[in-house]
Amino acid sequence: MATSSVVRTAFRTCPLCEAGCGLEIDLDATDQIVRIRGDKDDVFSHGFICPKGSTLKQIHEDPDRLRRPLMKKNGVHVEVSWDEAWEAVRDGFAKVIESYGRNSLAVYLGNPGAHNLGAMMFNKTVVQSLGSFNRFSASTVDQMPKHVAAGFMFGTSVTIPVPDLDHTDYLVLMGSNPYASNGSVCTAPDFPGRLEAIRARGGKVVVVDPRRTRTAEEADEWISIRPGTDGLFLAAIINVLYADGLVDVGDHVRSFVSGIDELGAELVVFTPELVESATGIGADVTRRIAHELAAASTAVVNGRVGVNTVLFGSVNAWLVDAVNTLTGNLDKRGGAMFALPATGGPNSRGTAGVGKGFRTGKGVSRLRKYPEVLGEFPVATLAEEITTPGAGQIRALITLAGNPVLSTPDSGALDAALSQLDFMVSVDIYLNESSRHADVILPPPSHLQRDHYDLLLLQFAIRNVANYSEPVLAIDQDQPDEWEILAKLGGVLQTLDASIDPCVIDDIAIDALVQGAVKTSSSNICGRDANEILEILGASGRRGPARMLDFMLQTGPYGAGFGTTKDGLSLQKLLDNPHGVDLGELESRVPEILRTPTGMIELCPAELRTDLGRLFASITQVDDSQMLLIGRRHLKSNNSWMHNINVLTKGNLRCTLLVHPDDAKRLGLSDGLSARITSRVGTIDAPVEVTESIRRGVVSLPHGWGHGVEGTRMSVAAKKAGVNSNVLTDSQSLDPLSGTSVLNGIPVVVQSLA
Ligand SMILES: Nc1nc2c(c(=O)[nH]1)N[C@H]1C(S)=C(S)[C@@H](COP(=O)(O)OP(=O)(O)OC[C@H]3O[C@@H](n4cnc5c(=O)[nH]c(N)nc54)[C@H](O)[C@@H]3O)O[C@H]1N2
Ligand SMILES: Nc1nc2c(c(=O)[nH]1)N[C@H]1C(S)=C(S)[C@@H](COP(=O)(O)OP(=O)(O)OC[C@H]3O[C@@H](n4cnc5c(=O)[nH]c(N)nc54)[C@H](O)[C@@H]3O)O[C@H]1N2
Ligand code: SF4
Ligand SMILES: [Mo]
């Protein structure tokens with residue numbers, strides 16, 4: 001289409017991954033999208049975009065995307081009116097609650113909710129309205145270890161330091177591949193460009209990964225590690241720091257760090273020589289890296305998916321920040337720093353420098369007795385909690401933007417379990433592998449039809465920015481916004497009345513926020529009249545997430561305080577700045593950020609050090625003859641749900657098993673032919689791709705594939721279905737401290753099918 005037909009341009013933050021790139025969206029007179037480009041004036045992304053960003057158009061236009069609620073009638077999903085859908089939701093829950101009580105209800109929150117303002121504000125309404133302890137989310141197949149480590153070290157689960165990418169001289173990336181993923185729990189649009197800039201200014205980038213990823217290829221050094229052994233490598237680095245007198249936390253934090261001697265004593269046994277045969281990393285390399293980290297003027301280690309979704313996820317997350325602290329790089333420019341998000345958060349509210357601290361295990365899961373973490377249980381236990389009779393057995397499930405059948409371990413068992421539920425509701429845009437089990441599917445509008453603010457991800461940004469986007473396209477007639485669906489779902493769960501108005505729930509929520517703030521001494525509106533604040537908030541006619549966001553911005557660290565701080569932040573200010581507001585580089589936040597009971601950084605917290613015995617025992621448990629399966633991501637995939645977009649999936653099938661040539665030879669495997677992969681819990685067949693880029697003894701299969709299942713409606717994805725790698729991952733194998741599943745380093749047997 002000719003660009004001359006463009007009549008308006010909208011600016012919007014991309015909600016598809018954590019990078020949060022600014023998009024420039026051109027529309028014609030009929031509100032058709034003509035083109036989506038990177039917004040070169042965006043204060044954070046400066047025009048960067050990846051191939052997924054422009055497909056917001058294709059997602060919006062996808063004929064398979066649900067526009068009306070679906071209800072299962074005689075085993076087939078049919079479109080129904082919203083009224084009929086809500087009646088069915090009410091009836092379904094009422095029956096289950098009446099028969100089995102509220103603890104028979106469960107919820108699973110998926111990943112896109114973390115990129116969704118409405119979900120960030122109203123998912124908790126659904127969760128709390130259940131009145132059940134059965135709460136699960138994608139966090140326990142992802143970043144939960146980071147929350148646990150941060151909680152115990154710094155006092156809140158979101159006090160997670162991020163690598164100061166733009167200023168560091170030395171970066172060690174462990175278990176992450178930002179050339180494909182654009183980074184995670186580290187919000188940095190154009191992560192690859194920022195890595196290249198480190199090298200361009202004379203710095204060094206080291207990648208620790210069992211696979212020579214694109215990120216590893218572009219780095220100065222690739223360290224090939226045996227999957228699952230990063231904890232040993234990190235412990236050995238720390239061991240060297242102590243043994244060689246390199247520990248120096250720096251004057252800037254010295255009086256706020258406790259546990260330095262204790263940590264040294266704990267790790268004295270983890271010498272590089274002792275762990276070398278387990279990690280596959282020579283003791284000389286470990287020593288050199290430790291010395292380089294200590295010697296660099298600024299340095300930072302970062303660990304993500306590949307070191308979180310393993311047996312020692314929490315210990316790994318802890319030891320990463322222990323290295324950063326011991327080398328003097330915590331809370332220092334070019335080191336590991338903390339964001340100060342515009343909406344505030346648990347580490348900018350309350351008393352500065354001290355707090356209640358962090359705790360897990362306020363309850364335990366019914367069957368396997370895993371401790372509660374952040375109010376939830378490991379998703380790896382969901383299937384058995386559905387299928388095992390007894391009080392608290394799950395009979396009804398809600399999935400909110402989640403596809404656990406493709407995303408969580410032992411998915412064969414979970415798939416079977418979901419079909420045994422008495423009732424299931426999915427809030428989802430597709431009829432897919434998980435939502436096909438739902439009795440009712442409630443579809444939100446497309447991403448372009450909603451407003452956006454990265455409430456969660458700006459907590460972990462490498463620069464403080466604030467950016468609000470209005471909906472680009474009008475919402476369809478009769479279509480409720482996602483927040484309205486969630487608020488109403490919460491209301492229906494509470495009252496068992498299908499006619500409840502979501503606005504009532506919304507009004508209660510904002511009222512509670514304002515009433516709380518005017519009574520809180522640390523709030524910038526303490527002592528003000530709550531009604532006056534509510535009137536100001538209401539004057540704009542806004543409600544829902546936008547009104548709540550305005551409140552959070554105005555009362556946040558840069559806030560306008562409802563008229564008290566001239567030029568302070570408010571939603572109006574963000575509306576006036578469609579490319580975002582830059583709030584500057586990260587600045588030191590210790591000790592103000594700390595919320596531990598002691599007011600100290602806990603370098604050797606009891607809850608984490610108890611797991612070091614298990615780590616030590618793992619040294620001798622390595623079996624060289626065992627093949628290990630790891631995952632991978634592709635730039636043009638997004639977990640399980642973007643394979644229905646033709647422009648992203650065209651070309652060769654990407655769901656292949658990477659095998660090292662030596663292993664291929666030994667096992668009689670060759671390019672393009674099928675291999676059978678068997679783990680303790682499942683078997684799948686996948687085409688082989690022989691490559692030198694993978695470590696010997698390791699094979700890699702991406703997750704999020706395995707489409708084309710009966711009862712789904714994703715016609716493009718079905719044509720290039722791939723196989724579900726989570727049929728192989730084992731729900732019995734998890735990090736005990738965080739409940740996070742082991743998704744990397746799965747013992748498998750690989751056979752030729754030729
Ligand atoms: N083996 C293996 N498994 C993994 C991983 C791995 O590395 N290896 N990675 C894990 C990680 S990090 C994650 S985050 C999880 C993801 O786990 P999930 O969140 O369960 O899976 P997704 O594929 O992200 O599914 C998202 C669902 O949300 C729907 N959706 C998309 N946008 C919206 C929206 O705006 N609103 C609503 N209501 N629905 C929407 C999609 O249709 C889809 O059904 O997978 C995990 N699984
Ligand atoms: N294009 C695209 N972007 C995405 C996503 C997507 O699916 N596609 N998903 C989004 C989500 S939900 C998340 S959480 C992020 C994740 O973003 P990242 O954390 O960057 O995750 P991955 O790209 O899976 O990279 C994990 C790396 O860990 C390596 N690895 C596996 N096992 C080990 C191990 O034992 N030790 C070490 N050191 N490395 C290991 C793998 O080889 C892989 O290269 O990406 C987000 N962005
Ligand atoms: S990198 Fe992530 S946020 Fe940026 S355009 Fe791609 S999908 Fe969107
Ligand atoms: Mo994730």
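We count residues from 1, following the sequence as given. All ligand and atom numbering here is 1-based and tracks the order in the structure. Only this structure's heavy atoms are used, side chains among them; waters, hydrogens and symmetry mates stay out.
- The closest protein non-hydrogen atom to atom 2 (Fe) of ligand 3 is C17 SG, 2.3 Å.
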Query raised in the report: Would N639 and R633 count as a side chain to side chain donor-acceptor pair (under 3.5 Å) if you check the C-alpha gap in whole Å, the side-chain angles of each, and the deciding distance to 0.1 Å?
Result: CA-CA 8 Å; N639 295 323; R633 286 178 157 76; 3.1 Å; yes

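- Each of the atoms 1 (N), 2 (C), 8 (N) of ligand 2 lies under 4.0 Å from some heavy atom of H634.
- Looking at T729 next to ligand 1, no N or O pair under 3.5 Å apart turns up.
- Taking atom 4 (Fe) of ligand 3 as the reference point, the nearest protein heavy-atom neighbour is C21 SG, 2.3 Å.
- Under a 4.0 Å heavy-atom criterion, N182 is not in contact with ligand 2.
- Shortest non-hydrogen contact noted between G20 and T13 is O-CG2, 3.4 Å.
- The N/O atoms of I630, backbone and side chain alike, include none that comes under 3.5 Å of an N/O atom in ligand 2.
- The heavy atom nearest to atom 15 (C) of ligand 2, considering only S184, G745, S224, C186, is found in S184.
- Looking from atom 46 (C) of ligand 2 to the surrounding protein, the closest heavy atom is S181 O, 3.8 Å.
- Residue L400 does not touch ligand 1, judged by heavy-atom distances below 4.0 Å.
- For the pair A180 and ligand 2, the shortest N or O to N or O distance falls below 3.5 Å.
- What sits closest to atom 44 (O) of ligand 2 on the protein, heavy atoms only, is D209 OD2, 2.6 Å.
- Among all protein heavy atoms, the one lying closest to atom 21 (O) of ligand 1 is S407 OG, 3.0 Å.
- The closest protein non-hydrogen atom to atom 2 (C) of ligand 2 is S637 O, 3.1 Å.
- From the protein, the heavy atom lying nearest to atom 31 (C) of ligand 2 is N744 OD1, 3.3 Å.
- Note: an N/O pair closer than 3.5 Å links D428 and ligand 1 by distance alone.
- Protein heavy atom in closest approach to atom 8 (Fe) of ligand 3: C14 SG, 2.3 Å.
- Among all non-hydrogen protein atoms, the one lying nearest atom 7 (O) of ligand 2 is N639 N, 2.7 Å.
- In terms of protein heavy-atom proximity, atom 4 (C) of ligand 1 is closest to H703 CD2, 3.4 Å.
- Note that OG1 of T408 and CG of L743 are 9.0 Å apart. Values are rounded to the nearest 0.5 Å.
- Residue contact check: T213 has heavy atoms under 4.0 Å from atoms 44 (O) of ligand 2.
- The atoms of ligand 2 that sit less than 4.0 Å from any heavy atom of D142 are 14 (S).
- The N/O atoms of P444, backbone and side chain alike, include none that comes under 3.5 Å of an N/O atom in ligand 1.
- Counting protein heavy atoms only, atom 35 (O) of ligand 2 is closest to G228 N, 2.7 Å.
- When distances to atom 6 (Fe) of ligand 3 are checked against a cut-off of 2.8 Å, C50 contributes an N, O or S atom below that limit.
- Ranking protein heavy atoms by distance to atom 1 (S) of ligand 3, first place goes to N182 ND2, 3.2 Å.
- The closest heavy-atom contact to atom 6 (C) of ligand 2, among the options K636, R633, R695, K52, comes from R633.
- The nearest heavy-atom contact from the protein to atom 10 (C) of ligand 1 is V141 O, 3.2 Å.
- Here the heavy atom of the protein found nearest to atom 38 (N) of ligand 1 is E482 OE2, 2.8 Å.
- Within ligand 2, the atoms closer than 4.0 Å to a non-hydrogen atom of D230 are 34 (C), 35 (O), 36 (N), 37 (C), 38 (N), numbered from 1 in the order shown.
- The shortest N or O to N or O distance between S640 and ligand 1 is under 3.5 Å.
- Contact annotation for N177 and ligand 2: heavy atoms of both the backbone and the side chain come within less than 4.0 Å of the ligand.
- The proximity of R450 to ligand 1, defined as any non-hydrogen pair under 4.0 Å, is limited to the side chain.
- A donor-acceptor pair is defined here as one N or O able to donate and one able to accept, closer than 3.5 Å; no such pair exists between the side chain of N308 and the backbone of K146.
- Paired with H643 under the rule ring-ring contact (aromatic ring centres under 6.0 Å, His included), one option of H703, H634, H707 passes, and it is H707.
- Closest approach of A401 and G113 over heavy atoms only: CB-N, 4.1 Å.
- Taking only nitrogen or oxygen atoms, main chain and side chain alike, I225 does not reach within less than 3.5 Å of ligand 2.
- With respect to atom 40 (C) of ligand 1, the closest heavy atom belonging to the protein is A401 CB, 3.8 Å.
- Looking only at heavy atoms of the protein, atom 19 (O) of ligand 1 is closest to N111 N, 2.6 Å.
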